[in-house]
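Following: one structure in structure tokens, then a few remarks.
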Amino acid sequence: RSSDLLDSQGMQAPSGYEVPDMPSGLDVFRRVPYSFILPELVLGCWVWILVAATRVWIPLTQGWVMYVSVGAFGLSLLLLMIYLFGLHKRHASFWRVVDVIYHGITAMFYLSAAVLQANATIVCGDDIPNNCNNQDRKS
């Protein structure tokens, strides 16, 4: 029958495969990949601090890097809270997709921010106060 053929063509896990539960509470810190959210927050905050303390000042570049680091920090913190409080338990498959999409987009944004920051550093060269410090420029 054609309905049996259509049912068998969808993406399905093998019959012996069991999808692991998503952790909640403190189990989030004990299971990979969820345990990487805390280092992600620490490193994201570190990027935020380093960009704020840099002497390279190109507004468009610095604005994008700060947007990416602060936005990723806030969304990662929100995702961690959702996992810690177990708000994802009702629709676990939806949250798996959200997690994958979020981390994929965040990785692309961080890569673009890193390229822009590296370019700004190269453009400024060794003469940072004269080439890239916005306070020394005359309007």
Side-chain angles (χ1 to χ4, degrees):
R1 292 179 27 205
S2 63
S3 63
D4 292 337
L5 182 63
L6 291 175
D7 290 341
S8 67
Q9 290 180 353
M11 288 186 59
Q12 297 176 357
S15 60
Y17 180 75
E18 189 173 318
V19 177
D21 288 335
M22 293 178 70
S24 62
L26 295 178
D27 283 342
V28 170
F29 300 114
R30 296 185 194 117
R31 305 214 17 231
V32 174
Y34 309 101
S35 61
F36 291 124
I37 293 176
L38 196 58
E40 180 181 335
L41 288 170
V42 171
L43 294 174
C45 185
W46 191 27
V47 168
W48 188 4
I49 292 168
L50 290 174
V51 169
T54 187
R55 291 175 32 202
V56 175
W57 184 253
I58 300 175
L60 185 62
T61 298
Q62 299 303 89
W64 176 248
V65 175
M66 286 298 280
Y67 171 77
V68 169
S69 62
V70 172
F73 181 84
L75 290 174
S76 293
L77 187 61
L78 179 66
L79 197 59
L80 178 63
M81 292 298 126
I82 287 170
Y83 289 149
L84 282 176
F85 295 127
L87 301 175
H88 64 286
K89 287 291 189 182
R90 185 174 275 172
H91 303 288
S93 62
F94 170 76
W95 284 104
R96 280 189 180 94
V97 172
V98 168
D99 190 45
V100 167
I101 290 171
Y102 164 70
H103 282 100
I105 291 172
T106 302
M108 287 187 296
F109 278 6
Y110 265 123
L111 181 61
S112 70
V115 168
L116 285 173
Q117 190 66 32
N119 182 50
T121 305
I122 290 168
V123 167
C124 290
D126 294 330
D127 199 18
I128 289 175
N130 294 330
N131 290 342
C132 293
N133 193 341
N134 210 21
Q135 298 163 352
D136 292 340
R137 293 182 186 189
K138 294 183 180 178
S139 300

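All figures in this text were calculated on a predicted structure; none of them were measured in a lab.
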Quick check: closest heavy atoms across A72 and T106, and the distance to 0.1 Å?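 Minimum heavy-atom separation between A72 and T106: CB-CG2, 3.8 Å.
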
Exercise: identify the closest heavy-atom pair between T61 and A120: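 Heavy atoms of T61 and A120 come nearest at CG2-CB, 4.0 Å.
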
Atom pair [atom1] ([X]) and [atom2] ([Y]), whose distance is rounded to the nearest 0.5 Å:
| X | Y | atom1 | atom2 | value |
| --- | --- | --- | --- | --- |
| L80 | F85 | CG | CZ | 9.0 Å |
| I105 | M108 | CD1 | CE | 5.5 Å |
| I37 | L79 | CD1 | CG | 4.5 Å |
| H103 | Y110 | NE2 | OH | 10.0 Å |
| T121 | L116 | OG1 | CG | 10.5 Å |

Are V70 and L60 co-members of a hydrophobic cluster defined by side-chain heavy atoms under 4.5 Å apart?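 No, because L60 and V70 fall into different hydrophobic clusters, even though each may have its own neighbours under 4.5 Å.
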
Hydrophobic cluster identity match, L75 and V47, side-chain contacts under 4.5 Å: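 Per the 4.5 Å side-chain linkage, L75 and V47 are co-clustered.
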
When clusters are formed from ILVMFWY side-chain contacts under 4.5 Å, directly or step by step, what else is grouped with L43?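 Grouped by the 4.5 Å side-chain rule, W46, L50 form the rest of the cluster around L43.
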
Under the side-chain hydrogen bond (donor to acceptor under 3.5 Å, both in side chains) rule, collect the residues that match up with W64, sequence neighbours excluded.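 S112.
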
Y102: which residues meet the side-chain hydrogen bond (donor to acceptor under 3.5 Å, both in side chains) condition with it, sequence neighbours left out?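 By the side-chain hydrogen bond (donor to acceptor under 3.5 Å, both in side chains) rule, Y102 matches S76.
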
Using the test side-chain contact (heavy atoms from CB on, under 4.5 Å), find all partners of [X] that sit at least two apart in sequence or belong to another chain.
| X | result |
| --- | --- |
| A92 | M22, R96 |
| I122 | none |
| V98 | F94, W95 |
| I49 | C45 |

Can you pull the side-chain hydrogen bond (donor to acceptor under 3.5 Å, both in side chains) pairs that have at least one residue in residues 66-75, sequence neighbours excluded?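 Listed by first then second residue: nothing to list.
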
